[in-house]
Trainee: 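After the structure tokens below, expect a handful of questions from me.
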Amino acid sequence: TDILCSHYQVFFTSDYTMYPFSTQNGKDFQNLLSVYLDAAFFPCLREQDFWQEGWRLENENPTDPNSPLVFKGVVFNEMKGAFSDNERVYAQHLQNKLYPDHTYSVVSGGEPLAIPDLTWEQLKQFHATHYHPSNARFFTYGDLPLEQHLKQIEEEALSKFERINPNTEVPPSHTGREDHVTCSPDALAPDPARQNTLCVSYLLGDITDTFEGFTLSLLSSLMISGPNSPFYKALIEPNIGTDFSSVVGYDGSTKEASFSIGLQGMAEEDTERVKQIISQTINDIIESGFEEERIDALLHKIEIQMKHQSTNFGLSLASYIASSWNHDGDPVELLQINDSVAKFKQTLKENPRFLQDKVKHYFKENTHRLTLSMSPDEVYLEKQAKAEEEKLQKKIHALSDSDKKDIYEKGLELLAAQSKTQDASCLPALKVSDIEPTIPVTPVQISTAVGVPVQYCEQPTNGLVYFRAMCSLNTLPEDLRLYVPLFCSVVTKMGCGGLDYRQQSQQMELRTGGMSVSTQVVPDSTQLDMYEQGVLLSSSCLERNLPHMFHLWSDIFNNPHFDEVERLRVLVMMSAQELANGISYSGHMYAMTRAGRHLTPAGDLNETLGGMEQVKFMKRVAELSDLSQVIRTLVRIKKHLLNPDNMRCAINTTPQKMSDTAAQLESFMKDVADNRKERKPVRSNIIERPLDPSDVSGLSRKLISEQNFQPCQMKTFFQLPFPVHFISESIRTVPFSHHDYASSSKFVHLGEDDDEGRSLRGGARMGGGLFSFYSYRDPNSVQTLSAFRRGVDWAKSGQFTQQDIDEAKLSVFSAVDSPVAPADKGMGRFLSGVTDEMKQNHRERLFAVTHQSLVEVAERYLGVGQRTCGVAILGPENEAIKKDPSWIVK
């Protein structure tokens with residue numbers, strides 16, 4: 001559809017499917033509602049759609065009847081990829097075994113080897129009974145009149161059906177046992193000798209009891225969240241494992257809720273010890289309860305969550321009520337959170353042992369529990385591949401010659417259908433002329449606090465104050481850069497001033513909406529070989545807590561604690577484990593980062609701070625027996641980064657609170673003034689850019705310019721234990737302010753290339769001067785690079801219509817115009833110097849893109865002779881790549 005939709009996708013859970021969409025345009029909303037009603041209730045579900053999206057037997061090369069038959073299909077490959085993630089494997093087994101009797105005992109997305117047993121007829125039958133208005137619930141949020149929505153839903157869908165009984169009630173489950181499963185070894189695990197997982201899961205009450213669910217969710221947070229929680233102290237701090245198990249805490253997404261507690265990254269011989277610790281910790285909680293301050297901190301967190309305005313607030317509400325409402329709970333009662341908070345406080349006042357009684361009832365006396373362990377199996381992947389091969393041969397064995405001929409002919413039909421342009425004229429569409437020609441202006445004031453530049457942005461922040469500070473990396477010795485992400489993740493978690501790390505965590509929870517530090521690499525908007533490097537401090541608080549929030553930052557600047565070795569070891573292990581776990585989930589992002597490494601200076605730094613290089617570095621740090629050198633490094637980094645001389649700040653809050661916030665910021669700057677030291681930049685090539693382009697005499701950002709940077713072509717292959725590939729090819733193009741950028745960004749949305757017979761998920765994106773193709777959980781490796789190339793050839797040939805261009809424009813504008821929360825207004829300008837005027841110029845260039853300019857840009861930057869590109873693949877062992885000297889194999 002031609003849409004300005006800022007959010008549209010499909011969510012699948014174990015027991016419902018949700019079709020959410022959002023837009024800021026009233027006409028677009030009606031169009032989308034029509035399309036979604038049609039897709040949900042009246043899909044074509046042709047046999048050909050089933051082959052393409054679900055599964056099929058097809059010749060490996062569809063045009064060669066003698067090539068071997070293989071399994072293909074988008075969902076089949078997606079699910080194979082999903083089960084290459086050990087966390088997902090564990091979570092899936094846990095749910096299947098905790099609820100062994102009904103819908104939760106199966107894999108809702110499809111167990112890869114069960115998918116080829118599904119028939120087209122079964123799929124249509126399942127849709128007819130489950131995707132029916134008798135089994136549907138509708139949720140709208142926003143300021144458009146409800147009557148119009150109801151009328152449209154009735155006319156276009158509900159009036160066309162008779163009520164049926166879909167019979168989707170879920171009976172109660174019963175379990176009480178121990179079980180064991182296996183997984184693939186993780187080559188990037190922080191400690192290869194400790195790759196076991198153990199978890200105990202308890203079956204709780206029905207999620208339709210709103211207050212009980214609210215209480216258990218709070219109780220779960222008190223038991224596991226942060227360094228002050230009893231399970232953190234008992235399981236994480238002794239360093240028995242690297243982190244909590246992938247499933248942990250309260251889960252209210254199933255008809256009966258559950259609570260899980262356990263460890264990953266542990267040794268097999270610690271299994272009994274961990275079980276005993278879990279049991280003992282439950283006894284300790286029943287005995288001692290929780291400190292009042294921790295309960296206050298949790299209620300404070302709820303208050304902030306209710307005040308914080310995000311751009312997907314409506315979607316968050318829909319997701320929050322969906323599970324309970326799906327099982328006939330009361331959605332309105334769920335949304336009355338203040339009532340639950342008041343009832344919770346009153347119940348606790350009347351019975352101070354209220355929470356301890358719940359722990360005793362649900363955990364000590366509860367026989368409905370599952371203890372599940374998981375260990376790595378060296379031949380796990382071989383077993384999976386063998387099982388798939390056996391399944392395949394069994395299917396092939398049952399085929400006659402005429403069946404095989406039929407498969408070949410159907411393969412050719414599908415290929416022909418895939419290369420046909422779909423007729424979109426039947427879909428309701430917006431026109432490019434429906435788009436607002438100008439952007440709304442976000443006014444900001446630029447000032448200083450004790451000589452430090454500050455951007456003030458007045459916004460309706462609902463009683464919250466948002467603070468950010470950008471601290472430059474320009475004076476940091478280059479050999480320390482690999483340590484910066486670790487510095488960012490630990491500097492707010494080690495203790496500061498007179499507070500140890502537990503007290504610091506408690507104060508942050510009581511007084512703020514969170515305090516974090518993250519790395520920032522900001523490519524310049526006018527030159528590809530210029531960038532800003534730094535770390536971003538971010539925090540928020542209720543207006544009444546402003547002095548407390550700045551006091552905590554002062555302590556972090558003036559006296560951060562880095563000397564507690566065991567605390568640092570815990571944080572290092574958790575960080576390394578998190579990075580290792582993330583690859584199978586975000587492999588395409590790692591591939592894109594790596595592919596861009598040698599194309600721009602910013603790309604190189606991105607790989608150092610957030611790519612595979614960082615994952616491997618953190619694995620090495622996690623393997624160190626002595627962390628004293630790491631501690632010395634963190635202290636050195638602090639002197640360079642937490643330095644007011646290299647810093648600028650931003651404040652977003654209400655007009656009424658602005659002057660008070662400015663005074664508090666001024667006071668904070670005076671408190672940390674002793675850290676101010678003029679240090680020489682490591683590189684001489686520093687360029688100053690004004691924060692406010694209209695005021696050249698004023699305050700500036702300091703960028704690094706690498707005018708002698710030579711981009712080079714590099715192909716890198718990371719061999720990893722996955723059955724699928726993550727692939728990217730990045731091409732160096734132009735920066736944001738260049739007149740060709742608008743055309744380049746259009747290609748991201750111009751009929752992305754047929755992805756190898758639609759057996760994978762993939763796409764393209766533009767950013768930081770790089771145009772990147774990517775594919776996700778891809779059964780192919782090098783062949784996909786040919787598909788990327790065909791995409792470029794198609795763009796250069798100009799085989800697209802004006803309608804294609806208009807659709808691409810609408811897609812680009814939906815991204816450009818997606819809503820911005822009050823907390824984030826003015827942030828683009830603060831971080832990257834992109835002003836409203838620059839955005840408006842970009843907007844006008846987008847409107848002006850033509851067929852001719854698209855073809856010219858494709859030839860200029862994407863053509864084989866012109867382009868400078870990098871390629872990266874993450875995936876299983878590959879003999880062809882190993883033998884090809886043009887690849888670097890890691």
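When a residue number appears, it is its place in the shown sequence, counting from 1.
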Trainee: Please name the residue in the list Val491, Leu480, Val490, Leu627 that meets the side chain to side chain contact (heavy atoms under 4.5 Å, CB included) test with Leu634.
Mentor: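 Of all the options given, the one that passes is Val490.
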Trainee: Among Tyr590, Tyr776, Tyr585, Phe718, exactly one meets ring-ring contact (aromatic ring centres under 6.0 Å, His included) together with Phe726. Which residue is that?
Mentor: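 The passing option is Tyr776.
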Trainee: Taking side chain to side chain donor-acceptor pair (under 3.5 Å) as the cut-off, I'd like each qualifying pair that reaches into residues 659-674, sequence neighbours left out, listed once.
Mentor: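 Of all non-adjacent pairs touching residues 659-674, those that pass side chain to side chain donor-acceptor pair (under 3.5 Å) are Lys657-Asp660.
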Trainee: Give the minimum heavy-atom separation between Leu831 and Val522, together with the two atoms involved.
Mentor: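 What the structure gives for the nearest pair is O-CG1, 3.6 Å.
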Trainee: Closer than 3.5 angstrom, by distance alone: can the side chain of Asp524 be matched with the main-chain N or O of Gln527 as a donor-acceptor pair?
Mentor: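 Flag set: sc Asp524 to bb Gln527 pair under 3.5 Å.
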Trainee: Does anything in residues 836-846 pair up under salt bridge (Lys or Arg N to Asp or Glu O under 4.0 Å), and if so which pairs, sequence neighbours excluded?
Mentor: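 Found Asp817-Arg843.
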Trainee: With sequence neighbours excluded, tell me which residues meet salt bridge (charged side-chain N to carboxylate O under 4.0 Å, His left out) with Arg732.
Mentor: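 For Arg732, the residues satisfying salt bridge (charged side-chain N to carboxylate O under 4.0 Å, His left out) (neighbours in sequence not counted) are Asp529.
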Trainee: Is the backbone N or O of Pro655 less than 3.5 Å from a side-chain atom of Glu458, with the two atoms forming a donor-acceptor pair by type?
Mentor: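 No, because the side chain of Glu458 does not come within donor-acceptor range (under 3.5 Å) of the backbone of Pro655.
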Trainee: Tell me, yes or no, whether the heavy-atom count around Glu578 atom CD, taken from other residues, nucleotides or ligands under 6.0 Å, exceeds 12.
Mentor: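 Counting neighbours around CD of Glu578, 12 or fewer heavy atoms of other residues, nucleotides or ligands fall under 6.0 Å, so no.
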Trainee: Quick one: list whatever passes side-chain hydrogen bond (donor to acceptor under 3.5 Å, both in side chains) with Asn652, sequence neighbours left out.
Mentor: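 Result, side-chain hydrogen bond (donor to acceptor under 3.5 Å, both in side chains) vs Asn652: none returned.
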Trainee: Can you name the residues that form a ring-ring contact (aromatic ring centres under 6.0 Å, His included) with Tyr466, not counting sequence neighbours?
Mentor: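 Applying ring-ring contact (aromatic ring centres under 6.0 Å, His included) to Tyr466 gives His308.
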Trainee: Are the side chain of Asn685 and the backbone of Ser705 linked by a donor-acceptor contact shorter than 3.5 Å?
Mentor: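 Confirmed, Asn685 side chain pairs with Ser705 backbone.
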Trainee: Does Gly495 offer a backbone N or O that forms a donor-acceptor pair with the side chain of Gln503 under 3.5 Å?
Mentor: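 Flag not set: sc Gln503 to bb Gly495 has no pair under 3.5 Å.
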Trainee: Using modelled atom types only, decide if a donor and an acceptor are shared between the side chain of Thr519 and the backbone of Gly534 within a distance under 3.5 Å.
Mentor: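 Side chain of Thr519 to backbone of Gly534: no pair is present.
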Trainee: Thr593: what forms a side chain to side chain contact (heavy atoms under 4.5 Å, CB included) with it, not counting sequence neighbours?
Mentor: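 Side chain to side chain contact (heavy atoms under 4.5 Å, CB included) check on Thr593 returns Asn606, Glu607.
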Trainee: Using a 4.5 Å cut-off on heavy atoms from C-beta on, say whether the side chain of Gln707 contacts that of Met530.
Mentor: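 Side chain of Met530 against side chain of Gln707, heavy atoms only: contact under 4.5 Å found.
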Trainee: Just jot down the side-chain hydrogen bond (donor to acceptor under 3.5 Å, both in side chains) partners of Thr733, sequence neighbours excluded, or say none.
Mentor: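 Once residues adjacent in sequence are excluded, Thr733 has no partner under the side-chain hydrogen bond (donor to acceptor under 3.5 Å, both in side chains) criterion.
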Trainee: Validate the cation-pi geometry between Arg765 and Phe771: distance from NZ or CZ to the six-membered ring centre under 6.0 Å, angle to the ring axis within 45°.
Mentor: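 Output no; distance or angle outside limits.
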Trainee: Judged by atom type as modelled, is there a donor-acceptor pair below 3.5 Å linking the side chain of Thr868 to the main-chain atoms of Cys712?
Mentor: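 No; judged by distance alone, with no hydrogens or angles, the pair does not exist.
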Trainee: Any donor and acceptor pair, going by atom type alone, linking the side chain of Ser575 with main-chain N or O of Val572 inside 3.5 Å?
Mentor: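 Absent.
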Trainee: Sequence neighbours left out, what passes side-chain hydrogen bond (donor to acceptor under 3.5 Å, both in side chains) with Arg502? Give chain and number order.
Mentor: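 Partners of Arg502 by the side-chain hydrogen bond (donor to acceptor under 3.5 Å, both in side chains) criterion, ordered by chain and then number, come out as Glu237.
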Trainee: What residues form a side-chain hydrogen bond (donor to acceptor under 3.5 Å, both in side chains) with Glu478, not counting sequence neighbours?
Mentor: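 For Glu478, the residues satisfying side-chain hydrogen bond (donor to acceptor under 3.5 Å, both in side chains) (neighbours in sequence not counted) are Arg683.
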Trainee: Quick one: list whatever passes side chain to side chain contact (heavy atoms under 4.5 Å, CB included) with Val635, sequence neighbours left out.
Mentor: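 Residues passing side chain to side chain contact (heavy atoms under 4.5 Å, CB included) with Val635: Phe562, Lys639.
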Trainee: Has the side chain of Tyr456 got a donor or acceptor atom that lies under 3.5 Å from a matching backbone atom of Thr653?
Mentor: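 No, Tyr456 side chain to Thr653 backbone: no donor-acceptor pair under 3.5 Å.
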Trainee: When the ring planes of Phe550 and Phe668 are compared, do they come out parallel, tilted or perpendicular, using 30° and 60° as the limits?
Mentor: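 Taking Phe668 first and then Phe550, their aromatic rings lie parallel (interplane angle under 30°).
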Trainee: Determine, for Arg511 against Glu303, whether the closest basic-nitrogen to carboxylate-oxygen distance falls under 4.0 angstrom.
Mentor: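 Looking at Glu303 together with Arg511, the answer is no, because their closest N to O distance does not fall below 4.0 Å.
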Trainee: If you round to the nearest 0.5 Å, how far is OG of Ser316 from CZ of Phe313?
Mentor: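 The OG atom of Ser316 is 7.5 Å from CZ of Phe313, to the nearest 0.5 Å.
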Trainee: Who passes side chain to side chain contact (heavy atoms under 4.5 Å, CB included) against Lys677, sequence neighbours left out?
Mentor: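 Per chain and number, Lys677 pairs via side chain to side chain contact (heavy atoms under 4.5 Å, CB included) with Asn643, Arg679.
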Trainee: Asn559: which residues meet the side chain to side chain contact (heavy atoms under 4.5 Å, CB included) condition with it, sequence neighbours left out?
Mentor: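 Listed in chain order: His561.
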Trainee: Salt-bridge test for Glu613 and Arg597: reply yes if a basic N is under 4.0 Å from a carboxylate O, no otherwise.
Mentor: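 Looking at Glu613 and Arg597, the cut-off is met.
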Trainee: Report the distance from atom CG of Leu770 to atom SG of Cys869, rounding to the nearest 0.5 Å.
Mentor: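 Those atoms lie 11.0 Å apart.
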